[in-house]
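What follows is a short report on a single structure.
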Amino acid sequence: MRDTTVDTEQTHAEGVLDSTVEPSSDVKPILEVRNLHVSYDTVRGPIQAVRGLSFQLMPNEVLGLAGESGSGKSTLALALLRMIKSPGRIVEGEVLLDGRDLLSLSEREMRHVRLADIAMVAQGAMNSLNPVMRIRDQIIDAWTDHGIRYGRQESEERVADLLRWVGLRPDVARLYPHELSGGMKQRVVIAIAISLRPRVIIADEPTSALDVVVQRQIISTLRRVQTDLQAAVILIGHDIGLMAQSVQKLGIMYAGKVAEMSPVYEMFDEPMHPYTRMLIDSLPSPDQKGQLRGIPGITPSLLDPPPGCAFNDRCPYALERCTTEIPALEEKRPNRMVACHLFTEGQ
Amino acid sequence: MRTNGRNLQGLEMPIEYVVRRVGLFFVIVWAAATVNFLIPRLAPGNPIREQLLQQVATGGAGATPIEEVVQAYEARFGLDLPLWLQYFNFLWDTVRFDFGVSIARFPTPVWDTLTYALPWTISLVATATIIAFVIGSLFGALLAWPRTPRFVHAVAPPLLTMAAVPYYLLGLILMYVFAFRFGWFPLGGGHQLGTEPSFTMTFMLDAARHSVLPALSLILATLGFWALQMRGMMVTVQGEDYVTLAEAKGLRPSRIFFRYALRNAMLPQITALALTLGHVVSGAVLVEIVYGYPGIGTLLFRSVQNFDYPVIYGITFLIIVAIGLATLILDLVLPFLDPRIKYSRE
């Protein structure tokens with residue numbers, strides 16, 4: 001379906017010609033974020049919600065991004081789709097989709113990237129669908145605005161196929177959102193997201209407001225369509241327990257930056273960044289019933305972030321240079337990106 | 001594709017609901033008519049004596065003693081009967097739309113005074129209301145839309161100021177400027193003196209020319225209300241997740257504006273419009289009086305001045321029926337506009 005639009009073909013072409021990706025690796029990242037800064041302007045000055053974020057997303061990879069409230073997760077999701085609303089703005093950085101910088105596109109071009117190339121499964125399953133439109137119409141209007149028109153019969157069939165794909169009965173198509181359960185609504189949202197076969201799916205807390213059983217179902221549906229589509233997924237959330245079971249690589253965000261990004265098993269076996277370590281330690285486990293451990297202290301103000309590492313005042317291992325020098329996110333061990341002065345490269 | 005507002009398949013209206021809702025309409029009309037019958041009878045003053053005393057004051061009284069005349073007329077209007085009998089007579093007459101004859105303009109039947117004034121009022125007030133609703137709502141929606149060009153925002157303060165001015169005052173100002181100073185429009189009335197209402201082109205154009213200023217004062221005065229209410233709703237709706245998702249779907253901005261944001265923000269507006277239209281038949285009393293417009297508003301004002309019970313009844317009954325009808329239509333139509341509204345109680 002996607003290949004019928006002109007834009008996406010251009011994307012492929014530009015991606016092939018692009019030479020910014022390291023020649024050494026044979027697999028090029030589908031999405032690359034470089035030094036992204038997003039601020040919200042307030043009367044007291046800009047709040048730096050995302051401060052120099054960089055990461056790469058490989059084709060077919062499932063990347064988790066976890067962090068507490070205010071760590072910049074949702075801002076990042078909106079920034080990747082260039083949907084930051086005033087008073088927020090993308091201050092600087094690059095978002096490269098197949099080598100094409102999305103931040104330099106016109107608004108018109110960007111509109112065609114949304115859904116066709118990067119789709120979003122939004123937060124808030126209860127309210128993500130227009131209450132006065134039938135499910136069918138909310139699926140079809142996206143195609144129409146991406147320049148795809150089917151006959152009546154074919155549209156119906158494609159809608160039915162999509163709904164079956166995410167595990168819904170085809171007759172859901174003629175229902176209104178309020179006639180569906182929360183889990184069904186989130187499946188519809190997934191169906192919309194995959195309808196143009198995007199290469200990247202951003203799922204921003206796709207399971208919030210759903211009960212635990214339905215959460216698992218939604219995540220497994222998401223994983224299934226991801227495998228079918230061979231799409232890359234960014235799964236955003238704060239439930240690192242749920243994350244650990246559903247992603248390959250996990251990024252831990254803290255105060256608008258990535259603290260650590262590692263393959264998920266290695267991270268849980270041996271967390272490197274002190275924040276990651278304390279976060280994993282704070283997970284409740286059946287062995288230590290009744291004991292909940294938190295991380296002492298509070299997150300720093302993003303209005304006036306500290307000059308050094310944002311975590312230094314809560315970190316038990318903080319060094320002198322942690323208060324003055326921002327640690328860069330570097331590959332301290334093979335495949336393990338950590339932003340911490342405690343580790344020296346390659347050791 | 002099909003829009004749900006027009007696509008009615010799968011939304012069947014249970015006949016039982018319609019019957020119950022129409023029945024409710026008649027109950028409302030009956031109850032309101034009864035209250036309407038009782039209230040004026042609790043007020044002091046005798047309409048006939050009042051009328052005669054006025055004539056005495058202006059020197060028009062005859063030689064007959066006033067009390068005898070009062071009794072004669074009371075018998076003529078049935079005011080000497082016991083209250084319950086008056087009530088049943090009243091109900092029977094109401095059903096036949098027979099509101100008796102006007103006391104002040106004896107012996108013109110009330111029905112005739114109403115049917116003369118009604119078209120004037122409906123054409124003026126309903127048109128003005130709908131124009132104000134459409135422009136005001138669209139304008140309010142644009143004010144809350146981030147992509148709206150700047151010049152739209154510049155129009156906002158004067159319009160909203162205008163909304164704060166009472167419309168009769170606005171009427172006087174418009175009349176002074178455009179009718180008195182510039183002479184572009186007639187000073188008042190519904191049509192040129194000496195012409196008889198008819199459906200000829202000349203008369204219609206003349207009537208339209210006479211209604212421009214009163215309509216303009218109504219529109220300007222109510223525009224702000226619709227705009228402000230709509231702007232508030234649009235701000236709320238834009239924070240909804242479905243508008244965010246609509247943008248993430250890469251929809252055209254115009255579709256997001258109309259089908260996602262405006263469509264949902266409109267729902268409370270529609271309710272307000274229906275109720276406002278129900279009130280249309282009561283006329284815009286002050287504007288009609290300022291412009292000497294021959295509508296229901298002027299009629300109502302004169303009737304109250306003259307204790308003209310039958311005409312007041314007639315107008316009040318008209319208002320009751322109109323509001324009852326407006327809410328009936330609203331209840332039958334709203335489920336098609338907002339699928340979350342159920343027909344039946346569960």
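Proteins get letters first, then strands, A, B, ... in listed order; numbering begins at 1 in each.
- Put simply, the side chain of B:E247 does not reach to within 4.5 Å of the side chain of A:R82, judged on heavy atoms.
- With sequence neighbours excluded, no residue forms a side-chain contact (heavy atoms from CB on, under 4.5 Å) with B:A31.
- Proximity to chain B involves both the backbone and the side chain of A:A142, based on heavy atoms less than 4.5 angstrom apart.
- Summarising the local packing, CZ of A:R164 is surrounded by more than 12 heavy atoms from other residues, nucleotides or ligands at distances under 6.0 Å.
- In this structure, A:L78 CG and B:T244 OG1 are separated by 7.0 Å, a value rounded to the nearest 0.5 Å.
- Each of A:R111, A:R149, A:H178, A:K85 has some count of heavy-atom pairs under 4.5 Å with chain B, and the biggest count is that of A:R111.
- By the 4.0 Å N-to-carboxylate-O rule, B:R259 lies too far from A:D141 to be salt-bridged with it.
- Using modelled atom types, one side-chain atom of A:H146 and one backbone atom of B:K249 make a donor-acceptor pair closer than 3.5 Å.
- Pairing each heavy atom of A:P131 with each of B:P339, the nearest pair is O-CG, 3.4 Å.
- Exactly one residue among A:V189, A:V132, A:N127 makes a side-chain contact (heavy atoms from CB on, under 4.5 Å) with B:Y242. That residue is A:N127.
- Counting heavy atoms from C-beta outward, B:R255 and A:T144 have side chains that approach closer than 4.5 Å.
- Rounding to the nearest 0.5 Å places CG of B:L245 at 10.0 Å from CG of A:N130.
- Taking CH2 of A:W143 as the reference point, atom CG of B:L251 lies at 13.0 Å (rounded to 0.5 Å).
- Applying the ring pair (Phe, Tyr, Trp, His ring centres under 6.0 Å) rule to A:Y40 yields no partners; only residues at least two apart in sequence or on another chain are considered.
- If you tally non-hydrogen atom pairs under 4.5 Å between each of A:D145, A:I202, A:L115 and chain B, the highest count goes to A:D145.
- Proximity to chain B (any heavy atom under 4.5 Å) is shown, for A:E179, by neither the backbone nor the side chain.
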